[in-house]
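All chains are named by letter (A, B, ...) in the order of the sequence lines, taking the proteins before the strands, and each is independently numbered beginning at 1.
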Amino acid sequence: MIIIRVALDVPVDSLFDYIAPDATQLNIGSLVRVPFGKRFMIGIIMAIANDAQVPHEKLKQAEVIWQDVPPLPATLIELFEFCSRYYHHPIGMVIMNGLPTRLRSSKLLPQRASAPSLFRLTDAGRAIAPSSIPARNKIKHRLLAQLKEAGSISSKEAKQISLRAAGTLQEFLLQGWVEKVLIEPESALNTSSPLQLTAEQITAINAIRAEIGLFNTWLLHGVTGSGKTEVYLQVTAMLLKQNRQVLILVPEINLTPQLEAVFRARFPATYLVSLHSRLSPVERMHGWLQAQRGEAGIVLGTRLAIFTPLPKLGLIIVDEEHDHSFKQQDGLRYSARDVAIFRAKQTDIPIILGSATPSLESYYNAITGRYRRLCLRIRAVKNATLPVIRYINTRAIQLKEGLSEPLLLALENCLTQKQQSMIFINRRGYAPVLLCKSCTWLAACSRCSSRLVLHLAQKNLRCHYCGHKEQLPPACPQCGDQDLMPFGHGTQRIEAALAKFFPEARILRVDRDNIRRKEAWQSMLTAIHQQQVDILVGTQLLAKGHYFPNLSFVGVLNADASLYSTDFRAEERLFAQLMQVAGRAGRAGTAGEVLIQTEFPDHPLYHALKHHDYDAHAQMLLKEREITHFPPYSYQALLNAEAPHIDVAIEFLTTATKLIEPVKQIEIFDPVPAQMARLKGLERAHLLIQSSSRKKLQLFLSDWYIKLCKIPNRKVRWALDVDPLEF
DNA sequence: AGCACGCCGACT
DNA sequence: GTCGGCGTGCTC
């Protein structure tokens with residue numbers, strides 16, 4: 001009897017044994033449908049054995065092995081196993097987290113989608129007179145017409161004519177009217193770039209190319225506008241020429257279309273697949289399968305794309321590596337950047353981490369020699385200099401609707417000179433607080449320990465943490481006073497204020513509320529580029545990776561919020577954000593100016609920012625981290641617990657600490673309520689574990705995790721977060 | 001995670 | 001007498 005050991009999507013850290021289905025090819029990594037309890041599930045064959053590890057009477061027979069999906073490659077399974085070990089998460093759940101949902105559903109066999117192929121008109125096809133085809137056969141006529149005009153048609157173009165065109169093309173193929181042409185890998189090394197490369201870019205490209213077949217973590221540290229993308233493109237070109245695949249990770253869905261367009265334009269003959277959570281399940285599955293078959297030369301996606309099978313992988317690029325959205329915050333709490341580094345090492349290929357403001361972890365690794373840093377200090381665009389940064393002390397000055405006189409003046413200047421300007425405020429909605437003038441009431445979320453944000457346009461109050469919405473009350477629910485006062489400023493309020501101050505200006509607000517619709521952001525970008533906008537008002541969405549050629553002024557409001565935060569990474573994040581925002585100004589020949597309204601203009605962060613001195617600031621933060629013994633000078637793990645009542649969560653954590661025998665080099669902190677103590681109706685607490693040795697921490701966690709699973713677990717949901725970013 | 005089994009309170 | 005609350009425990 002042959003036994004297969006199967007990983008399933010259940011929160012149990014073990015495999016499940018089944019009798020192999022009769023007379024089928026058995027492969028490790030194959031998808032298999034098995035009976036589990038009362039239902040059926042999809043699992044992965046992890047091992048094949050002669051004997052089961054459970055009594056024989058318990059064994060059931062697996063139903064069917066998916067033949068249409070090739071088995072997961074051994075290296076991908078290894079990657080999953082690493083994640084399971086490192087993040088202490090059941091292997092089955094790790095694997096299922098990495099597979100497209102459509103493959104996990106037990107719906108039967110997915111249709112095969114291939115990379116687009118090219119159909120070229122043959123001489124026989126050219127000789128066909130349109131009149132010989134019945135007029136009612138519209139698809140044939142249109143296909144033939146297009147073929148005669150262009151000489152060839154890709155399956156993708158054919159699809160645009162009609163969804164049934166693929167069948168018609170097959171008919172043409174059988175009749176010998178067209179022939180199938182393989183799309184060639186990048187035939188020539190495409191070095192023609194629109195710009196003259198800077199010396200720094202050339203140095204970086206040559207350094208990476210010189211060791212293209214070896215594992216290396218390259219930290220591409222380049223100021224905004226220094227042309228990091230060009231370095232990615234040049235190295236990618238080299239690998240595509242060698243018929244290797246390139247994986248590119250970007251932090252946000254909003255950034256995929258932009259980078260996708262750049263890569264598509266540079267490598268028109270390479271098949272590019274983009275993978276992110278906004279795709280339909282079928283689209284995602286197809287992209288994944290095309291990558292697995294090696295048909296996709298470039299895979300570009302968000303963090304989930306790190307788990308794509310890529311048989312010919314030759315390079316990984318992580319753009320904006322410092323971005324926190326590479327870390328998944330629930331389920332498998334992995335960092336796609338860190339997993340990417342493991343994967344590069346495993347495959348023995350280079351990985352490029354790109355950023356204008358590297359995470360302190362990466363920066364530290366670079367200066368200690370674990371990573372190799374390549375610096376781009378000069379902006380690649382001719383005549384573009386870094387913007388001048390000035391501060392407005394808001395404690396010494398009167399504000400009008402949250403805006404200072406110098407800032408309004410600068411905006412007016414831009415308007416008269418017909419240049420674009422931008423106001424950055426990291427707060428959506430109209431006002432972050434709504435309070436009653438006569439009593440103490442303020443609008444709070446019933447499910448979270450948060451304030452409700454006033455959204456005046458929609459006349460409602462919203463919780464930005466759980467998404468709860470409620471109608472704006474006409475009067476104070478506590479004392480009945482009708483004088484409810486919005487306090488503080490959000491994007492909507494600033495937009496309204498600017499409209500009042502500059503009635504003739506064209507103002508565009510950009511925040512999450514505004515770009516919900518799929519195409520909204522794209523059309524806004526077009527409007528900005530066509531200079532149909534004078535003043536942009538927006539959140540950090542505006543700061544990330546976009547190029548606004550006519551933008552010469554940036555105003556920053558309310559940046560101080562995170563200056564004296566309890567989160568030890570808040571300052572690092574703020575600095576990165578401000579560098580990014582400042583980098584928007586003055587890129588193409590126009591001198592840029594940045595004005596920051598702050599109560600603490602003397603804060604060291606602002607000093608470093610003024611001189612665009614990332615290194616000075618990073619060195620300063622590193623000193624602090626060293627003294628306080630925080631990452632990168634220590635490694636952390638967080639045990640999170642949530643329960644209907646905080647006491648229960650704390651009690652669970654206290655029990656958890658009691659399971660620990662004192663271990664050298666492992667620091668255990670006291671259980672404390674989380675920053676957002678209440679979220680979505682549950683109360684949360686956590687416990688921090690810290691060690692200067694990653695290895696020691698891992699050993700400890702492995703042992704502890706087993707014990708944690710055995711705690712009789714009433715109503716407490718808990719999870720381990722290794723290398724946590726949020727507390 | 002699901003899903004069943006199981007043991008105590010208010011209903012046709 | 002049963003319907004149903006969700007506490008406990010298992011799934012190969």
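The one candidate from A/His686, A/Gln328, A/Gln329 that meets the side-chain contact (heavy atoms from CB on, under 4.5 Å) condition with A/Asp721 is A/Gln329.
Distance, A/Ile44 CD1 to C/dC12 C1': 16 Å, rounded to whole Å. Taking atom CD1 on A/Ile42 and atom P on C/dC12, their separation rounds to 15 Å, with Å as the unit. Atoms CZ (A/Phe16) and P (C/dC10) sit 12 Å apart, rounded to a whole Å. When the P atom of B/dG2 is taken as reference, atom CZ of A/Phe40 falls 17 Å away, rounded to whole Å. Whole-Å rounding puts the A/Leu59 CG to C/dT11 P distance at 12 Å. Between A/Lys710 atom NZ and C/dC10 atom C1' there is a gap of 17 Å when expressed in whole angstrom units.
Listed pair A/Lys38 / B/dG2 fails the phosphate criterion, with no side-chain N or O lying under 4.0 Å from OP1 or OP2. Listed pair A/Lys60 / C/dC12 meets the phosphate criterion, a side-chain N or O lying under 4.0 Å from OP1 or OP2.
The pair A/Arg569-A/Glu361 meets the salt-bridge criterion, since a charged nitrogen lies less than 4.0 angstrom from a carboxylate oxygen. Contact check on A/Lys544 versus A/Glu320 returns no salt bridge, with no Lys/Arg side-chain nitrogen under 4.0 Å from an Asp/Glu carboxylate oxygen.
The side chain of A/Lys715 has C/dG7 as its nearest neighbour among B/dC3, C/dC12, C/dG7.
With no hydrogens or angles considered, a side-chain donor-acceptor pair links A/Glu321 and A/Ser359 at under 3.5 Å.
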